[in-house]
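Since the structure comes first, as structure tokens, the remarks are kept for the end.
Counting starts at 1 for both ligands and their atoms, in listed order.
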Amino acid sequence: MTDSLFSQTKLSKVLVDNLQEIGYQSMTPIQAQTLPHILDGKDVIGQGKTGSGKTAAFGLGILHNLRVKRFRIQALVLCPTRELADQVAKEIRKLARAIHNIKVLTLCGGTPLGPQIGSLEHGAHIIVGTPGRIEDHLGRERLDLSEVNTIVLDEADRMLEMGFQATLDFILSKCPTQRQTLLFSATFPDQIAQLTKNIMSSPTSIKVEST
Ligand code: ADP
Ligand code: MG
């Protein structure tokens, strides 16, 4: 089998060169199967086990859609826990290293609201957070998602298990309907199938068994 190279995708040279520098030589199977659809702007459902490289798949999609000079929130990543949100933000910053001035802000529970409100006032391109805290900021009108073009639900099955269905519905209702929605999940219970029907448009489903 031949390697799938990031350079064979629509990714910009800046992003591809940086991937080389951080030691990502070829795409993992889930990246090879989802990234072309993601870069085409399609809604994508990705299923693959832990450690398969899902973060870079959606992270590169976000960076591909981003207009750095437009200093508005353009992407929102929802994660089940603060730890996962921190990991995702770290990975996105690594992927974005070669592009100057990209601001990634994490908004999670368990930390005081005040400093987060201050950070929001300073602005960001990408928000990574947990549903409860994002809902909280939206309710206080501290967060404007009207220019979001990419939404990611990471570990969607876990977010539903934690009872975030209504919260996700509320957050999604504050985002433009014209957008790209990416959903990643380890398992596909009926509730996920229902969710994807409600929030995605003609999604491409990709399931990768092995890594
Ligand atoms: P998942 O979300 O699928 O559980 P992650 O996105 O956290 O997996 O990735 C797992 C690890 O693999 C991370 O340490 C990440 O830096 C690394 N990784 C991702 N893509 C590549 C790649 N193409 N080449 C090398 N390492 C990669
Ligand atoms: Mg992950």
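- Atom CD1 of residue Ile62 and atom CG of residue Asn149 lie 9.0 Å apart, to the nearest 0.5 angstrom.
- Residues Ile134 and Leu143 have side chains in contact (heavy-atom distance under 4.5 Å, counting atoms from C-beta outward).
- The distance from the OG1 atom of Thr106 to the CD atom of Gln87 is 12.5 Å, given to the nearest 0.5 Å.
- Here the side chain of Gln116 pairs a donor or acceptor atom with the backbone of Cys108 at under 3.5 angstrom.
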Between Thr181 and Leu183, does the side-chain contact (heavy atoms from CB on, under 4.5 Å) criterion hold? Intermediate values first, please. CA-CA 7 Å; Thr181 309; Leu183 182 145; 5.6 Å; no

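- Near ligand 1, Phe6, Tyr24, Ser26, Thr28, Gln31, Lys49, Thr50, Gly51, Ser52, Gly53, Lys54, Thr55, Glu91, Lys94 each place a heavy atom less than 4.0 angstrom from the ligand.
- Residues passing the ring pair (Phe, Tyr, Trp, His ring centres under 6.0 Å) test with Phe188, sequence neighbours excluded: none.
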